[in-house]
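Working notes, beginning with the structure itself.
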Amino acid sequence: MEIVILPSPEAVSAAGAEIVAGLVARKPDAALGLPTGATPRPLYAELVRRHREEGLSFARVTTFNLDEYVGLPPGHRGSFRRYMEEALFRHVDLEPVRTHVPDGGAGEAVGAAYEAAISAAGGLDLVLLGLGGDGHIAFNEPTSSLGSRTRLKTLSAASRAANQVAFGPEPVPAHVITMGIATILDARRCLLLAHGARKAPALAAMVEGPVTSMVPASALQMHARATVLCDEAAAERLTLRDYYREVQAKKPAPQR
């Protein structure tokens, strides 16, 4: 796992956007796994800027979102389809038929269909991830199987509370369809963003603790090409943070 400590949340977003944009430039038909939430929003804004000002094209890109609530129509203010439309999809030249978000109204059968669609696209070239305060990735809550695939999951109270702002006075749905941990690990590259002191305990457990279903993100330790971009506040509890800085400063040219 590559740990890159950067000075600010803005630097984390910029570095993440550079990696995603570089992949799309090199492989115009890339398949991307995409998250929602506050962390990736500035990254999406930078991709939109590059599309408008630098000609970065997404015309042949295929996207697969990590999750969606069960029972929400796509236009609901809390739905992840609506989030993606507002943050990225409608602002770039992505073909609508190439944007995939789990169908929260299709029942449990949606999991197998989503896995088949990912396989048909040639697998994920890159999956972009945020980090939950309890160490979850996508909506794989603590104790999720490390061998899990796309499926229906029950949200924890903490996850519902963290997402309440998008629903106003309405209750957050209790269930989601989420990409599984094994599905995420099948991606050719994993890129996780984390910033802020609130993420420091989870980041330390994920990077330096044991691989355990209690910290689902710790499964990324087993991935051959997982990169973590974090700011100083999120890195505060990393025991080896000085070593990670040294690794980046002395990185051999072939690895840059």
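Quick note: numbers below take in every heavy atom, side chains included, and nothing from hydrogens, waters or symmetry partners. This chain uses plain numbering: 1 for the first residue, then up along the sequence.
Within a 6.0 Å radius of CE in M222, other residues, nucleotides and ligands contribute more than 12 heavy atoms.
Considering only heavy atoms from C-beta on, R237 stays 4.5 Å or farther from E208 through its side chain. A 4.5 Å side-chain heavy-atom check between F167 and P173 finds at least one atom pair inside the cut-off.
Comment: R49 engages E46 in a salt bridge, judged by a side-chain N to carboxylate O separation of less than 4.0 angstrom. Looking at R245 and E232, a side-chain N of the basic residue comes within less than 4.0 Å of a carboxylate O on the acidic one, giving a salt bridge. Using a 4.0 Å cut-off between a side-chain N of Lys or Arg and a carboxylate O of Asp or Glu, R50 and E18 qualify as a salt bridge. Between D231 and K199 no salt bridge is recorded (no basic side-chain N to carboxylate O distance below 4.0 Å).
With P216 as reference, I181 is the one residue of D134, I181, V211, T143 to meet the side-chain contact (heavy atoms from CB on, under 4.5 Å) rule.
The cluster map of Ile, Leu, Val, Met, Phe, Trp and Tyr, joined by side-chain heavy atoms under 4.5 Å apart, puts L220 and L238 in the same cluster. Note on V127 and L131: same hydrophobic cluster, where clusters join Ile, Leu, Val, Met, Phe, Trp and Tyr whose side-chain heavy atoms are under 4.5 Å apart, directly or indirectly. Under the 4.5 Å side-chain heavy-atom criterion for ILVMFWY residues, a single connected hydrophobic cluster contains both F89 and V24. Cluster annotation: L34 and L129 are assigned to distinct hydrophobic clusters (Ile/Leu/Val/Met/Phe/Trp/Tyr, side-chain heavy-atom contacts under 4.5 Å, transitive). Criterion: ILVMFWY side-chain heavy atoms under 4.5 Å apart, direct or through other members. Under it, Y244 and M1 are part of a common hydrophobic cluster.
Scanning for ring-ring contact (aromatic ring centres under 6.0 Å, His included) contacts around F64 gives H100, Y114, with sequence neighbours left out. The side chain to side chain contact (heavy atoms under 4.5 Å, CB included) search around R189 returns E2, I19, L126, R225, T227, not counting sequence neighbours. Take H223 and apply the ring-ring contact (aromatic ring centres under 6.0 Å, His included) test, not counting sequence neighbours, and it matches no residue.
In the model, T99 has a side-chain atom that pairs as donor or acceptor with a side-chain atom of R81 under 3.5 Å.
With hydrogens and angles disregarded, a donor-acceptor distance shorter than 3.5 Å links the side chain of R82 to the backbone of G75. Proximity of a side-chain donor or acceptor of H51 to a complementary backbone N or O of L56 within less than 3.5 Å is detected.
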